[in-house]
Each structure stands twice: as C-alpha cells, then as structure tokens.
> 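I have a structure I would like to understand better, so I am pasting it below and will then ask my questions one at a time.
Order of listing sets the numbers, starting from 1, for every ligand and every atom in it. Computed from a prediction, not measured in an experiment: that's the story for all the values here.
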Amino acid sequence: MGDSISGLDRAAKLLAESDRAIALTGAGISVDSNVPAFRGAQGLWDRYDPMEYAHIDAFRSDPARVWAMLRELGDIIANSQPNPAHRALARLEEIGKLAAVITQNVDGLHQRAGSKQVIEFHGSGERLVCLRGHGPFARNSVRIDDAPPGCPNCGAILKPDVVFFGEAIPPRALLAAQVEVERADLVLVLGTSAEVSPASEIPAAARGRGARVIEVNLEPTHLTGGVADVTLLASTSRALPALLAAIEGAEPAA
Ligand SMILES: [Zn+2]
C-alpha cells in the first residue's frame, strides 16, 4: 500500500455525488509526460525564456529564432505519451462522470488519451496556421526542418495554432468554457495554480454558482483553503487514478 492521499475520500464522495463535473487542467498534468512547464526547472525553459520566445511580437520579428524553440518543443511533445492522469480523465468521461476538459495545455495529450470533449484555451501545437489567415494545417502534414515552415496556400510563415503571449484567447473556446462552467456542479482543478486569465476565473465563478471545487496540485495555491472544497496535495498522475478507482469501486452494480 502506498501512502494514502489526504482528502481523497472526501473528493471521491463529491465526485460520486456530482451530476456534471468538468476539469480545468494546466501544465502540471503534463509534467509527468515530460512536457516541460514554464515554471518548471526542466531544460527547455531554462534555455528559452518563455516571456521572450512565447510572445507574438518575438515570433513576428524573428520567426526563425522562435521556430528553433518550437521545433524542440514539438519534438518533446511528439515523443511524450499521455500519463495516468490523462487516461483517468478520459475514463471518467467514458463512464459519464466528466462532461468536459478545459485545458490550458497545447500538447494534445488529453485527446491522445481518449478525451472527447476538450476545450483548448490556448489552442494546440498539433495544428499550424498561416500568418495571413490560412489553415489550420495538421502539423504532421507540413515539413518542419531548419527554416520556418511556409503556408501551403501562399508561402507565408506558419505559426503553431497556439495562443502566444500578447494574443487573445479564441472566442469560441471562451464561449464553450463559459457554457460548461454554467452547467457544472463540480470543477476539478488539476495541475494548475489557475492564476492566468481566463482559467483563473473558472473556479470562483463555478463556486459562486454553487459548484464544488476539488483541487489537485503538488503545492498549495490561492484556491487552497478558500475556493477549493478539497485540496489533494499530490501529483495528478497519482491522485486521478486513485480518485477514479474510488469512483469505480463506489459505482453501484447495474
Ligand atoms: Zn497562407
């Protein structure tokens, strides 16, 4: 037996009682898939300052320089796999215990794990768009080598279909998330300190409508002891499978 996670029973009870749960995920859920978080101490962001390389002005002024980082990040993501947390969320959706995932990640790991209802606040690196508005094009349909890739339609430089610093969240994703938050009676906040808008507004907005909030993070956040009804201080790849097991064990036999 491993150490039990404090609060797990309470979290499992809330999830079991929920009729419409949603998840809000951030970089922390993909760390165990070796996708580096901006704030992590992992290699990529030591060498590329995200505030510099992930800003749209940097991309527009020197796309070749930013594409050096993007190629490296793309290789990391291509070689990564969904971890037990991604798979547990896909399974919760499958058994009707999770309506949607709202993610701040651009790695596509929720979809690769089998999640169907995924709202991407920050777009996806799996797609590329042309700076003149063509696309999106599947990343794996475009040759990405030493030079920034060009648009198949017009030759202009392609950019990952992700929201850079300095760019707006896609309105469609905002609206879809808003609809989910209004209908949810439980929000799982997973691997994110939820400090960046619009994700930052979701837990309190849901709570204000009477929804429960379960947080899973390695460290306490501003939600802990306040907006969060329960906080599990654990990795998502450990806590989510444990939560799923508790739910599946608790489901009455048909
Ligand atoms: Zn184009």
Side-chain angles (χ1 to χ4, degrees), residues 24-27 29-30 33-38 42-82 86 100-180 192 196-199:
L24 171 67
T25 70
I29 199 170
S30 290
S33 295
N34 296 318
V35 177
F38 283 162
Q42 297 178 56
L44 188 75
W45 301 120
D46 288 339
R47 287 179 290 118
Y48 299 107
D49 176 359
M51 287 311 290
E52 183 180 345
Y53 278 84
H55 200 287
I56 189 61
D57 293 343
F59 186 86
R60 289 184 184 282
S61 65
D62 194 348
R65 185 159 171 264
V66 174
W67 260 107
M69 175 274 285
L70 292 171
R71 268 196 302 278
E72 232 179 289
L73 180 59
D75 287 347
I76 291 171
I77 290 171
N79 290 318
S80 68
Q81 297 295 329
H86 296 107
V101 174
I102 302 168
T103 188
Q104 302 167 84
N105 300 337
V106 298
D107 52 36
L109 290 174
H110 286 301
Q111 292 91 333
R112 281 165 61 192
S115 286
K116 303 280 187 279
Q117 296 299 322
V118 182
I119 297 165
E120 296 169 318
F121 266 163
H122 295 162
S124 173
E126 307 292 292
R127 305 183 297 266
L128 303 177
V129 290
C130 158
L131 287 180
R132 292 188 191 137
H134 301 123
F137 308 98
R139 183 183 176 105
N140 59 18
S141 73
V142 175
R143 184 152 170 256
I144 295 172
D145 49 24
D146 289 345
C151 173
N153 290 18
C154 74
I157 286 172
L158 290 175
K159 161 189 172 295
D161 189 15
V162 305
V163 177
F164 280 51
F165 291 118
E167 288 190 300
I169 304 291
R172 192 181 304 172
L174 275 179
L175 187 60
Q178 190 182 342
V179 168
E180 290 298 340
T192 175
V196 180
S197 179

> Test of understanding: with side-chain contact (heavy atoms from CB on, under 4.5 Å), list the residues that count as partners of A168, not counting sequence neighbours.
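Result, side-chain contact (heavy atoms from CB on, under 4.5 Å) vs A168: none returned.
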> Taking ring-ring contact (aromatic ring centres under 6.0 Å, His included) as the cut-off, I'd like each qualifying pair that reaches into residues 107-129, sequence neighbours left out, listed once.
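Residue pairs passing ring-ring contact (aromatic ring centres under 6.0 Å, His included), neighbours aside: H86-H110.
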> Using the rule given for side-chain contact (heavy atoms from CB on, under 4.5 Å), can you reason through T103 versus I29, listing the C-alpha separation, both sets of side-chain angles and the distance that settles it, and then say yes or no?
CA-CA 10 Å; T103 188; I29 199 170; 5.6 Å; no
> I need the minimum non-hydrogen distance between E120 and A173, along with the two atoms involved.
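Minimum heavy-atom contact is O-CB, 3.5 Å.
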> Mind listing the closest non-hydrogen atom pair of I157 and P148 along with its distance?
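Residues I157 and P148, closest heavy atoms: CG2-CB, 4.2 Å.
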> Which count of protein N, O or S atoms is obtained for distances strictly below 2.8 Å from the Zn ion (ligand 1)?
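Of the protein's nitrogen, oxygen and sulfur atoms, 4 lie under 2.8 Å from the Zn ion (ligand 1).
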> Applying salt bridge (Lys or Arg N to Asp or Glu O under 4.0 Å), which residue pairs with at least one partner in residues 155-180 are found, sequence neighbours left out?
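Output for this query lists R20-E180, R127-D161, K159-E167.
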